[in-house]
Amino acid sequence: MFGWLKRLFGIASAEANAAMNKLEDPVKMTEQGIRDLKKDLNKSLQSLAEVKAMHIRAKKELEVSTRREAEYENKAILLLKKAETGEISASEADRLASQALERKEQMAQQVVAHKKNVTQYEPMVRKMETNVQQLKDQIVGWENELKTLKARSRVSEATSKLNKQIARIDSSDTLARLERMREKVSEQEALAESYGDIADNMNTSIDDEIDKALGPSAHTNSDALAKLKSKMASANLNEGSSESNPKQDNPSSSNAAPTGGGMSDLDKLKEKLKNTNTED
């Protein structure tokens, strides 16, 4: 029974520790560490100030005790000298000198005690000053490390976001979109081409229809066409000269085709073509 509960609490503790590890932030942990160090520094500075105060007080008390020890000794000497000169009685001088020497002895004991305190406080002050300086250096180092961690955290966070965005991109979906775009562009190009053909057909002139009816031979047989035009021009010149100066006695004139005003332009052209083909 208890073993089962122990295993259950063990699993729960492991899961809690894993959750705490996920929540750990190096930047926040470093900031908390710096705050803790500053608290320790403040306490150390307070302790250092107290020890220094005790050291300073002990030194001052030592100086006072040493000075008063010497003063009581000098007073005892002066009392004895006054007894020798008769200024005071010998018994009175001895009594007062004895009390002065007793006070001198008390000051001597205080001097010994104050020297001991000064001797004890001096290494304590030096050690605490060293510790305080180490804490200061450690705080400076951690603050520099914090700046580095913040910069690295920003870079890693930006990189992580970029990688997540890249990871969310579906390459197959992208290719499908590109393919649909390609098909759409092809449809638009074909539609534009069809509109162009319609516009060309609407703008076709009668000359284009004639050239189309004549076929490619009308374009390729350019030499024959030029020859035909030259012959037709010569025939027109001959016709004009015969109408202006008719020859009655020309036997060939009776065989010429009538060129009276009753013939249409198309009949004249057919007649000219017939004469041209006869000459050939």
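The first residue in the sequence is number 1, and the count goes up from there.
Taking the charged nitrogens against the carboxylate oxygens, Arg180 and Glu183 have no contact shorter than 4.0 Å, which rules out a salt bridge. The existence of a salt bridge linking Glu157 and Lys161 is confirmed by a sub-4.0 Å separation between a basic side-chain nitrogen and an acidic carboxylate oxygen. A salt bridge links Lys150 to Glu31: at least one charged side-chain nitrogen sits closer than 4.0 Å to a carboxylate oxygen.
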Criterion side-chain contact (heavy atoms from CB on, under 4.5 Å) on Met54 and Asn117, from CA distance to verdict | CA-CA 9 Å; Met54 296 170 64; Asn117 291 333; over 6 Å; no
Go through the steps for Asn42 and Gln46 under the test side chain to side chain donor-acceptor pair (under 3.5 Å), then give the verdict.
-> CA-CA 6 Å; Asn42 291 331; Gln46 184 177 358; over 6 Å; no
Go through Val140 and Asn144 one step at a time and tell me if the side-chain contact (heavy atoms from CB on, under 4.5 Å) criterion holds.
-> CA-CA 6 Å; Val140 172; Asn144 293 332; 3.8 Å; yes
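In this structure the side chain of Lys60 reaches within 4.5 angstrom of the side chain of Ile56, judged on heavy atoms. Counting heavy atoms from C-beta outward, Glu143 and Ile34 have side chains that approach closer than 4.5 Å. Glu69 is not listed as a side-chain neighbour of Glu73, based on a closest heavy-atom distance of 4.5 Å or more. Taking 4.5 Å as the limit, some side-chain heavy atom of Met107 sits within range of a side-chain heavy atom of Gln110. The side-chain heavy atoms of Lys52 and Glu129, taken from C-beta on, include a pair separated by under 4.5 Å. Counting heavy atoms from C-beta on, the side chains of Glu92 and Lys82 never come closer than 4.5 Å. Taking the side chain as every heavy atom from C-beta outward, Thr66 and Leu62 approach each other to under 4.5 Å.
More than 12 non-hydrogen atoms from other residues, nucleotides or ligands lie less than 6.0 angstrom from CZ of Arg35. Counting heavy atoms of neighbouring residues, nucleotides and ligands inside a 6.0 Å radius, atom CZ of Arg152 does not exceed 12 of them.
Formation of a donor-acceptor pair under 3.5 Å by the Ser160 side chain with backbone atoms of Ser156 is not found in this model.
Here the shortest heavy-atom pairing between Leu79 and Ala93 reads O-CB, 3.4 Å. The two residues Ala58 and His114 have their closest heavy-atom pair at O-CB, 3.9 Å. When every heavy atom of Leu48 is checked against every heavy atom of Val125, the shortest pair comes out as CD1-O, 3.8 Å. Counting all heavy atoms, side chain and backbone alike, Ala83 lies closest to Ala90 at CB-CA, 4.0 Å.
Connection of Leu37 to Leu149 is established within a shared hydrophobic cluster, with ILVMFWY side chains joined at heavy-atom distances below 4.5 Å, either directly or through further cluster members. The hydrophobic clustering, which links ILVMFWY residues whose side-chain heavy atoms are closer than 4.5 Å, places Leu41 and Met128 together. Linking ILVMFWY residues whenever their side-chain heavy atoms come closer than 4.5 Å, directly or via other members, places Leu135 and Trp142 in the same cluster. Cluster annotation: Leu45 is connected to Val51 through the hydrophobic network of ILVMFWY side chains, with a link wherever side-chain heavy atoms come within less than 4.5 Å. Grouping the Ile, Leu, Val, Met, Phe, Trp and Tyr side chains by contacts below 4.5 angstrom, directly or via other members, places Met124 with Val132.
One finds the OG atom of Ser186 at 12.5 Å from the CG atom of Leu191 (value rounded to the nearest 0.5 Å).
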